[in-house]
Q: 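If you scroll down you'll find the structure; I have some questions about it.
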Amino acid sequence: MPTPPFTAAAFNQFLQEKKLMAARCPTCHTLYLPPRALCPQCHDDKLEWAELSGKGKLAAFTSIYVGLTLMNAEGFDRNNPYCTGIVELDEGVRISARILGVAANKPDQIKIGTQLTVDFLERGEGEEKKTFLAFRVE
Ligand SMILES: [Zn+2]
């Protein structure tokens, strides 16, 4: 099977398959998220896809009170915020995602360093079906 290109579209395709993938340099073993096709450290252009463990910890977060239309449709609004954050994965790369299992309306109770596990949110039906990256408090 040919290697999918190192694009956001390929990354999202892996999400549909419930895989959290990063690009890895076979020479210096550096991981890249978002994925990239060329390693800036050693200029290797034979990067490969590597599946991540999906374990990490919360590095930063924001509670969103006025969100995307998509999120409003899920019932989130000014009175019911949701949380997005930056997750530092055990492999050392960082990614932004929805954070689940936290009280977004009580941000003072959300702790940096909280252990998180990857989750995949499926929204829509049929052709419209999409999978979104999220992390859940363990
Ligand atoms: Zn490299």
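Positions are given from 1 along the sequence. Indexing begins at 1, ligand by ligand and atom by atom, following the structure's order. The shown structure was predicted, so the numbers you read here are calculated from the model rather than taken from an experiment.
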Q: Roughly how far apart are Phe135 CZ and Lys57 NZ, rounded to 0.5 Å?
A: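 NZ of Lys57 is found 12.5 Å from CZ of Phe135.
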Q: Check whether any side-chain heavy atom of Phe11 sits under 4.5 Å from a side-chain heavy atom of Ile95, and report yes or no.
A: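 A side-chain contact exists here, since the closest heavy-atom pair is under 4.5 Å.
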Q: Just to confirm my numbers, could you give the angle made at the Zn ion (ligand 1) by SG of Cys28 and SG of Cys42, rounded to 10°?
A: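 Centred on the Zn ion (ligand 1), the SG/SG angle is 120° (to 10°).
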Q: Does any N, O or S atom of Cys39, backbone or side chain, fall under 2.8 Å from the Zn ion (ligand 1)?
A: yes
Q: Please round to the nearest 0.5 Å and tell me the distance separating atom NZ of Lys18 and atom CD of Glu51.
A: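 One gets 12.5 Å once the value is rounded to the nearest 0.5 Å.
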Q: Tell me whether Glu138 at atom CD has more than 12 heavy atoms from other residues, nucleotides or ligands lying less than 6.0 Å away.
A: yes
Q: Using 2.8 Å as a strict upper limit, say whether an N, O or S atom of His29 approaches the Zn ion (ligand 1) that closely.
A: no
